[in-house]
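Working notes for the structure below.
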Amino acid sequence: KFRFFALTNCDNDLIERIDIPSKSPVSFEKIFTSEDNGVYKPNPLAYQKVVDYIQLVANEIIYTSSHQWDLKASKEFGFNSKPLEELVRT
């Protein structure tokens with residue numbers, strides 16, 4: 001079983017306005033926003049907030065993004081980072 005989370009540089013208001021949960025093909029257990037985290041990606045503290053919540057080791061987490069800067073920073077942090085296009089194909 002997989003657990004799904006989102007980490008975004010959006011604020012809470014934007015997440016509510018665009019209604020990500022109802023438009024996503026997966027059900028997110030939690031959406032981490034920059035507003036809640038108090039920090040923006042690619043700051044490592046943004047990724048650390050996810051690790052602290054999920055309570056797994058960073059390399060046990062598959063992290064995906066369509067942004068190269070995010071993939072680079074998340075991989076440097078220690079996540080098992082994959083381009084979104086790669087996961088969609090499999």
Side-chain angles (χ1 to χ4, degrees):
K1 179 183 175 195
F2 291 100
R3 296 166 63 197
F4 293 93
F5 302 88
L7 174 61
T8 177
N9 279 341
C10 295
D11 61 22
N12 295 333
D13 184 56
L14 182 58
I15 295 298
E16 285 182 29
R17 282 196 327 251
I18 60 177
D19 195 18
I20 287 177
S22 73
K23 294 180 176 127
S24 174
V26 299
S27 177
F28 292 108
E29 187 172 318
K30 180 169 177 60
I31 297 175
F32 298 87
T33 65
S34 57
E35 181 178 352
D36 289 336
N37 286 346
V39 65
Y40 291 92
K41 301 180 293 180
N43 186 318
L45 291 175
Y47 305 110
Q48 186 64 52
K49 298 277 188 175
V50 175
V51 170
D52 292 346
Y53 181 87
I54 298 174
Q55 297 184 342
L56 291 173
V57 177
N59 67 3
E60 296 176 327
I61 298 170
I62 297 172
Y63 186 88
T64 188
S65 179
S66 59
H67 304 289
Q68 289 302 312
W69 61 267
D70 193 14
L71 289 168
K72 179 179 183 293
S74 61
K75 187 174 186 111
E76 288 172 357
F77 176 77
F79 284 148
N80 183 0
S81 300
K82 305 285 184 196
L84 181 60
E85 302 79 28
E86 184 178 316
L87 294 178
V88 170
R89 284 193 309 247
T90 57

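Computed from a predicted structure; not experimentally measured. Scope of the values below: all heavy atoms of this structure, side chains included, with no hydrogens, waters or symmetry mates.
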**Message:** To check you understand the geometry: which heavy-atom pair defines the closest contact between Asp11 and Leu14, and what is its length?
**Reply:** OD1-N, 2.9 Å

**Prompt:** So, for Tyr63 and Phe77, is the gap between ring centers shorter than 6.0 Å?
**Reply:** no

**Asked** Salt bridge or not for Arg17 and Asp13, using N-O below 4.0 Å?
**Response** yes

**Asked** Heavy-atom count around Lys72 NZ within 6.0 Å, excluding the residue itself: above 12?
**Response** no

**Prompt:** Would you say the side chains of Asp36 and Thr33 form a donor-acceptor pair under 3.5 Å?
**Reply:** yes

**Asked** Do Phe5 and Phe28 make the cut of ring centroids closer than 6.0 angstrom?
**Response** no

**Message:** Quick one about Gln48 and Asp52 (side-chain donor to acceptor, distance below 3.5 Å, no hydrogens or angles considered), yes or no?
**Reply:** yes

**Request:** Output the distance between atom CG (Leu84) and atom NE2 (His67), rounded to the nearest 0.5 Å.
**Result:** 9.5 Å

**Request:** Examine Lys75 relative to Phe79 and say whether NZ or CZ is less than 6.0 Å from the centre of the six-membered ring and inside a 45° cone about the ring axis.
**Result:** no

**Asked** Between Asp70 and Leu7, is a side chain to side chain contact (heavy atoms under 4.5 Å, CB included) present by the stated rule, with each step listed?
**Response** CA-CA 10 Å; Asp70 193 14; Leu7 174 61; 5.8 Å; no

**Prompt:** Out of curiosity, does Ile20 fall in the hydrophobic cluster containing Val26 (side-chain heavy atoms, cut-off under 4.5 Å, transitive links)?
**Reply:** yes

**Request:** Report yes or no: does Lys23 contribute a side-chain atom to a donor-acceptor pair with the main-chain N or O of Ile18 at less than 3.5 Å?
**Result:** yes

**Item:** Verdict with supporting geometry, Lys49 and Leu45, side chain to side chain contact (heavy atoms under 4.5 Å, CB included)
**Value:** CA-CA 6 Å; Lys49 298 277 188 175; Leu45 291 175; 5.5 Å; no

**Prompt:** Would you find a donor on one side and an acceptor on the other, under 3.5 Å apart, between the side chain of Ser34 and the backbone of Cys10?
**Reply:** yes

**Request:** Would you mind reporting whether Ile62 and Leu87 have side-chain heavy atoms less than 4.5 Å apart?
**Result:** yes

**Item:** Pair Ser74-Ser81, side-chain donor/acceptor within less than 3.5 Å
**Value:** yes

**Request:** Please assess Asn80 against Ile61 for the test side chain to side chain contact (heavy atoms under 4.5 Å, CB included), listing each intermediate value before the final yes or no.
**Result:** CA-CA 6 Å; Asn80 183 0; Ile61 298 170; over 6 Å; no

**Prompt:** Tyr47 ring centre to Lys41 NZ or CZ under 6.0 Å, with the angle to the axis within 45°?
**Reply:** no

**Asked** Of Tyr53, Phe4, Tyr40, which meets ring pair (Phe, Tyr, Trp, His ring centres under 6.0 Å) against Phe32?
**Response** Tyr53

**Request:** Answer yes or no: is there a donor N or O on one side and an acceptor on the other, between the side chain of Glu60 and the main chain of Val57, under 3.5 Å?
**Result:** yes

**Prompt:** Taking atom CG of Leu71 and atom OG1 of Thr64, what is their separation to the nearest 0.5 Å?
**Reply:** 6.5 Å

